There are 2 protein chains.
Amino acid sequence: MVTNCANCPLRKIDVFKDLDRDELAYMQRFKHGELKIDSQSTVLMEGSNSPQLFTALKGMGLRYKTLEDGRRQVVNFVLPGDFIGLQAGVMGEMKHSVEATTPMVLCVFDRSELWSLFKTQPERAFDLTWAAAIEEHFLGEALATLGQMDAIERMSWGLIRFFMRCESLGLVDGDRCPFPYRQQDLADTLGLSLVHTNKTLMKLRQRQLLSLEAGILTLHDPEALKELAALEIEPVVQRPLI
Amino acid sequence: MVTNCANCPLRKIDVFKDLDRDELAYMQRFKHGELKIDSQSTVLMEGSNSPQLFTALKGMGLRYKTLEDGRRQVVNFVLPGDFIGLQAGVMGEMKHSVEATTPMVLCVFDRSELWSLFKTQPERAFDLTWAAAIEEHFLGEALATLGQMDAIERMSWGLIRFFMRCESLGLVDGDRCPFPYRQQDLADTLGLSLVHTNKTLMKLRQRQLLSLEAGILTLHDPEALKELAALEIEPVVQRPLI
DNA sequence: GTTCGTGCATTAAACTACGACATAGCTGAC
DNA sequence: GTCAGCTATGTCGTAGTTTAATGCACGAAC
């Protein structure tokens, strides 16, 4: 456990960088531990009584909301380094859950420890807020996509965005990156039906812009895709705003 | 100026509560000042070189993104107490702007002061992060709305959400609240065309669920609207998560 | 006062992108 | 083998967009 936390990506993304040289003290202070979950298992983050916050360490998944009638909206893909849980429990209506699409390792720590973090480790708190700002920005962009763009634009946007996130995590090999999601997941991300998602993917494949099979996404022509996405996409900024 | 900051809503929403008894010191420490803008004027928040953060003090407006081809997505309505500016400048593609739809008063302070806030006033920093979490949650809900709901559901959701925000600010009089927006603004919020927005509004009016005229929104049957919005809406929580 | 212009709400008619449904193929699990 | 879950395509209906015309309030010019 402790050894695992030594190379905890929390540090990698600088959210808790330089926390403490003593790993044991780190564990104790934040009461955090490791949680392994299988592929396809879900973590429900109900209302404010979700006492825990997570950071994804390994694996991939997705974060989504469910409506009572079964409709599902994927809010974002979950990649290593992502901080999850703050956004739950603010208001109380839709169910907010995280599902692993590959085996995952999460770093868990107690929500009650958050306040002490702000008091004792302002730098880390600052980084955490910065992470929230990045997420907020991403959601605004997603909102514009669902509100204004058609199927092809949405698909291009979604796949490029995912690819670039992988890129910044060093998960890209040439023009290929892992993509452990089903077309249904993509549909629920982009606000399209499964069928239409499939057809849109086909169009892009036929235009030789990408291929998507066996959990591998390949972008043959990222530039053309960016054109289609109707926006000039810049890489994700990692550095703070001071 | 200083007197104006004495009843600065920053305190009201507890983001900067109990900052300093001395208003002058408050002003000096955060180099913040007052900015009055007319109705229909806009503030552009380009990339990371937007050096300022705002809090809305008085009036209403909207925060939106613009695509190169002119399409516009309203991200959220701006009401007194809203903290704006963190989300800009993280990545760099769509233009992010704020437009006043009534005369507004903003409280401005320097982005460079943010870091000192985290070091010296952890409680305020904590509240700020909490505010970001609320916003993040709202955006997730908006995303689910644009991705999964049809026109009537979207309209019901949007108007109820706005009404409840007004409620929590004490701006509601009976079943009426101010609504200083055009139908085009609503359309760009909900991802609908202007004509369809109009038709949808008409349907809801004919069902006696609401009326919307002369800048006043009246909800005759909030319960029925909540049913239509396909979600059980809870009031916005103001208290922190410790 | 009339006349024009401008901005917004309203309504109707033509067109289209997308969803619903149905069906079939493909793969791996058992 | 069968069964379950995912992908692939075709047809058709509809919820939505686009365009355009009308009305209506308000202000400026004269």
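Here the structure is a predicted model, which is why all the values come from computation and not from measurement.
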Let me know the distance between [atom1] of [X] and [atom2] of [N], rounded to the nearest Å.
X	N	atom1	atom2	answer
A:Q206	D:dT9	CD	C1'	11 Å
A:M202	D:dG10	CE	C1'	14 Å
B:L186	C:dT10	CG	P	12 Å
B:H196	C:dT10	NE2	P	15 Å
A:M149	C:dC18	CE	P	13 Å
A:E213	D:dC6	CD	C1'	14 Å
A:Y181	D:dT7	OH	P	14 Å

Item to check | side chain to side chain donor-acceptor pair (under 3.5 Å) partner of B:Q148, the single match among A:K65, A:Q73, A:R71 | outcome: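 It is A:Q73, the one option of A:K65, A:Q73, A:R71 that forms the side chain to side chain donor-acceptor pair (under 3.5 Å) with B:Q148.
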
Check every atom of [options] against the side chain of [X] and return the nucleotide holding the closest atom.
X	options	result
B:Q183	C:dG19, C:dA9, D:dG16	C:dA9
B:N198	C:dT11, D:dT7, D:dT18	C:dT11
A:R205	C:dA13, D:dA8, D:dC6	D:dA8
A:K199	D:dG10, C:dA9, D:dG16	D:dG10

What nucleic acid atoms does [X] come within less than 4.0 Å of, heavy atoms only: base, sugar-phosphate, or nothing?
X	result
B:R154	nothing
A:D150	sugar-phosphate
B:L192	sugar-phosphate

Next on the checklist: One thing to verify: whether B:E213 and B:R205 come together as a salt bridge, which I'm taking to mean a side-chain N less than 4.0 angstrom from a carboxylate O.
Outcome noted: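 Salt bridge flag = no for B:E213 with B:R205.
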
Checklist entry - Salt bridge check: are A:D185 and A:R72 linked by an N-O gap of less than 4.0 Å? => result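 Looking at A:D185 and A:R72, the cut-off is met.
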
Next on the checklist: Regarding C:dT11, can its base be found pairing with the side chain of B:K203 as donor and acceptor, where the two atoms are less than 3.5 Å apart?
Outcome noted: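 Result: no qualifying N/O pair found.
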
Checklist entry - Which class fits the ring pair B:F77 and B:Y181: parallel under 30°, tilted 30 to 60°, perpendicular over 60°? => result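 It falls in the tilted class, 30° to 60°.
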
